[in-house]
Amino acid sequence: MPGIVIVGTQWGDEAKGKITDFLAKDADCVVRYNGGANAGHTVIVDGKTYKLHLIPSGVLHGKRVYIGNGVVVDPQVLMDELENLRHEGFQPDLHISDRAHVVFDFHKLEDGLQERLKGNLRAGTTKRGIGPTYSDKTARFGIRIADLLDEEVLKSKLNILINLKQKIISQVYNENVKLDEQEILKEALQFGRAISDYVCDVSAEINEALDRGETVIFEGAQGTLLDIDHGLYPYGTSSNTIAGGACTGVGVGPKRIDKVIGVMKAYISRVGTGPVPTELKNSIGEKIREVGKEYGTTTGRPRRVGWLDLVPVKYSIRLNGIDELVITKLDVLSGIDPLKVCVKYKCEGRTIDTIPADIRTFERCEPVYEELEGWQADVDWRRIAKEGYEALPEQAKEYLQRIEEHLKVPISIVSVGPERRETIVINK
Ligand code: GDP
Ligand code: IMO
Ligand code: MG
């Protein structure tokens, strides 16, 4: 199975990082294809926590890691992440696409200003400059990694971009901020020199790796409902988070993807704004948030949580062509009885089981629930993880079976704790 995409099926934070790390053991390399430092992928190994924003989660296994052209790269975050990993004794074998775009501080500033202007339409962004950087890329104002290696090119491109940004900041947003062109140029050149050894044509390298029969994991960031085209527009991010994004965001043909693995939480979480039909604003929600430690990896914001909603996952299966599902955080639901699972919505007298394009319609969607029996609070998940699927509480097995039955996609892995070893592979 050489080309494997790992994709989030909900609103992000499904534990893609943990699962990528788990599967990376048997892979040769891992490549990120979308997003930027808005991503926060957590991997916990032997009690030690690693939070990765830009470097793919395969790095902890010492695998080759790639940042594809579809990623927007924040220099400071990347340098800090590299330094932290080296400090922990890792030697990241990192490769960065010459075609990836660079996030500047003025993008982050603009991100905040845009959110302020948008009012109710704001997505509650991570303020990592994601939207403005992708906008500049699409408008062809952007600065790419390759530009950082050529002072003349960088100087002329930055001059145009900084002039434009200065006008936007001063004249559109009336902010008293003066961009220092010389300083920005100096820092960009410094960053270029610091990463020059890692810069390459990632598309060429990944295609060659696949030609050699290597296993390549394409690690998605965010989730399907945050996709720029298919997500809950405008309450999403600015990249194609779906599996198709792996082709454009790395530069491989669709036939190079052999398997798509969809990661889903056993409930839902959402950090940011916009409608969430199964959101729980009560003591059960609080319990899930506390037990599941549902606070943003990137921003620390409390995540909104709710009952498992299978409508987005079904939508995700269609959009991503998901072959297998991974259920994470099953342990968090211990002691909650009954458990509710949303299987469709009621909306203005109609029943729907997909995500409407119109956000006003989605706002009016009321979940239709099935109730399932919960399992006891005191479960020894470490023991179960060691013993395997059969050791799961009967009610937990029924919960998983109901999900499979409804979605008609097999569950291949169940995660029952944040640690790498708290993972059950299902061999049916
Ligand atoms: P990602 O962005 O999809 O990689 O997910 P995050 O890392 O942002 O959020 C997932 C959170 O859940 C992290 O804090 C993980 O350490 C944690 N986690 C992952 N899998 C499990 C699990 O099975 N059980 C529990 N309790 N926590 C988990
Ligand atoms: P990972 O990879 C969860 C959300 C933000 C906001 C919207 C737009 O860790 O799953 P942006 O900063 O991208 O312009 O914000 O998307 N968001 C995420 N939510 N997990 C993420 O990444 C996210 N990345 C962005 O909260 O609502
Ligand atoms: Mg995350």
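When a ligand or atom number is given, it counts from 1 through the structure's own listing order.
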*Tell me, which protein residue and heavy-atom name are nearest atom 19 (C) of ligand 1, and how many Å apart are they?*
Ala15 CB, 3.5 Å

*Atoms of ligand 1, numbered as shown, that sit under 4.0 Å from any heavy atom of His41*: 1 (P), 2 (O), 4 (O), 7 (O)

*What protein heavy atom sits nearest atom 7 (O) of ligand 1, and how far off is it?*
Thr42 OG1, 2.6 Å

*Check each heavy atom of Trp11 against ligand 2 and say whether those closer than 4.0 Å belong to the side chain, the backbone, both or neither.*
backbone

*Can we say Lys314 and Asp353 salt-bridge, meaning some charged N sits less than 4.0 Å from an Asp/Glu carboxylate O?*
yes

*Any Lys/Arg nitrogen of Glu294 or Lys265 sitting under 4.0 Å from an Asp/Glu carboxylate oxygen of the other?*
yes

_I need the atoms of ligand 2 closer than 4.0 Å to a non-hydrogen atom of Gly236, numbered in the order shown._
7 (C), 8 (C)

*Of all the non-hydrogen atoms in the protein, which one sits nearest to atom 27 (O) of ligand 2, and at what distance?*
Ala123 O, 2.7 Å

*Decide whether an N or O pair under 3.5 Å exists between Gly40 and ligand 1.*
yes

*asked:* If the test is side-chain contact (heavy atoms from CB on, under 4.5 Å), which one of Ile288, Val276, Val305, Leu225 qualifies with Ile268?
replied: Val276

*asked:* Using modelled atom types and a 3.5 Å cut-off, is there a donor and acceptor pairing between side-chain atoms of Asp21 and backbone atoms of Gly17?
replied: no

_Gly40 heavy atom under 4.0 Å from ligand 2_ = yes

*Between Ile44 and ligand 1, find which residue part has any heavy-atom pair under 4.0 Å and reply side chain, backbone, both or neither.*
side chain

*Below 4.0 angstrom from a heavy atom of Ser415, which ligand 1 atoms are there? Numbered from 1 as shown, please.*
20 (N), 21 (C), 22 (C), 23 (O)

*Could you check atom 12 (O) of ligand 2 against the protein and tell me its nearest heavy-atom contact, residue, atom and distance included?*
Thr126 OG1, 2.5 Å

*For ligand 2, which atoms sit closer than 4.0 Å to a heavy atom of Lys16?*
1 (P), 2 (O), 10 (O)

_Distance filter under 4.0 Å to Ala39 heavy atoms, resulting ligand 2 atoms_ = 1 (P), 2 (O), 9 (O), 22 (O)

*asked:* So, with waters excluded, how many protein N/O/S atoms does the Mg ion (ligand 3) have closer than 2.8 Å?
replied: 2

*Any sub-3.5 Å donor-acceptor pair from Asp105's side-chain atoms to Ile184's backbone N or O?*
no

*Could you tell me whether Arg382 and Glu387 make a salt bridge, using a distance below 4.0 angstrom between a side-chain N and a carboxylate O?*
no

*Should you measure from each heavy atom of Lys16, which atoms of ligand 1 turn up under 4.0 Å away?*
1 (P), 2 (O), 3 (O), 4 (O)

*Decide whether the shortest distance between a heavy atom of Glu219 and an atom of ligand 1 is less than 4.0 Å.*
no

*asked:* Between Lys157 and Asp147, does any side-chain N to carboxylate O distance fall below 4.0 Å?
replied: yes

*For atom 10 (C) of ligand 1, what is the nearest protein heavy atom, given as residue, atom name and distance?*
Asp13 O, 3.9 Å

*Strictly under 4.0 Å, does any heavy atom of Gly8 approach an atom of ligand 1?*
no

*Check each atom of ligand 2 against the heavy atoms of Gly272 and keep those under 4.0 Å away; list them by number with element.*
27 (O)

_Using heavy atoms and a 4.0 Å limit, tell me yes or no: is Arg128 in contact with ligand 2?_
no

*Less than 4.0 Å between a side-chain N and a carboxylate O, is that true for Glu398 and Arg402?*
no

*Using 4.0 Å as the upper bound for N to carboxylate O, is an ion pair formed by Glu286 and Arg289?*
no

_Under-4.0 Å heavy-atom contact with ligand 2, by part of Val271 that carries it_ = both

*Thr297 N/O to ligand 1 N/O under 3.5 Å*: yes

*For ligand 2, which atoms sit closer than 4.0 Å to a heavy atom of Arg270?*
4 (C), 27 (O)

*Quick one: nearest non-hydrogen protein atom to atom 26 (N) of ligand 1, plus distance?*
Asp331 OD2, 2.8 Å

*Can you sort out which atoms of ligand 1 are near Arg303, meaning under 4.0 Å from one of its heavy atoms?*
8 (O), 9 (O)

*Can you tell me which residue and heavy atom of the protein come closest to atom 22 (O) of ligand 2, and the distance to 0.1 Å?*
Gln222 NE2, 3.4 Å

*Hey, does Asp13 sit under 4.0 Å from ligand 2 if you only count heavy atoms?*
yes

*Numbered atoms and elements of ligand 1 in range of Val332, under 4.0 angstrom, heavy atoms*: 26 (N)

*Could you establish whether Gly124 and ligand 2 come within less than 4.0 Å of each other, counting only heavy atoms on the residue side?*
yes

*Is the closest basic N to carboxylate O distance between Arg99 and Asp201 below 4.0 Å?*
yes

*Closest to atom 27 (N) of ligand 1 (judged by heavy-atom distance), picking from Lys329, Lys293, Gln222*: Lys329

*asked:* Side chain or backbone, does Gly292 bring an N or O within less than 3.5 Å of an N or O on ligand 1?
replied: no

*Do me a favour and list the nearest non-hydrogen protein atom to atom 16 (O) of ligand 2 with residue, atom name and distance?*
Leu226 CD2, 3.8 Å

*Can a salt bridge be assigned to the pair Asp74 and Arg128 using a cut-off of 4.0 Å between side-chain N and carboxylate O?*
no

*Do me a favour and list the nearest non-hydrogen protein atom to atom 15 (O) of ligand 2 with residue, atom name and distance?*
Thr125 CA, 3.4 Å

*Using a strict cut-off of less than 4.0 Å between a Lys/Arg side-chain nitrogen and an Asp/Glu carboxylate oxygen, indicate whether Lys48 and Glu88 qualify as a salt bridge.*
yes

_Please report whether ligand 1 has a polar contact with Lys18, defined as an N or O pair separated by less than 3.5 Å (distance criterion only)._
no

*If you measure from each non-hydrogen atom of Arg420 to ligand 1, which part falls under 4.0 Å: side chain, backbone, both or neither?*
neither

*What atoms in ligand 2 come closer than 4.0 Å to a heavy atom of Ala221?*
2 (O)

*Among all protein heavy atoms, pick out the one at the shortest distance from atom 4 (O) of ligand 1; state its residue, atom name and that distance to 0.1 Å.*
Gly17 N, 2.8 Å

*Would you mind checking if Asp46 and Arg421 are paired as a salt bridge, meaning a charged N to carboxylate O distance below 4.0 Å?*
yes

*asked:* Suppose I only count heavy atoms of Gly417 and a 4.0 Å limit; which atoms of ligand 1 are within that range?
replied: 20 (N), 21 (C), 22 (C), 23 (O), 24 (N), 25 (C)

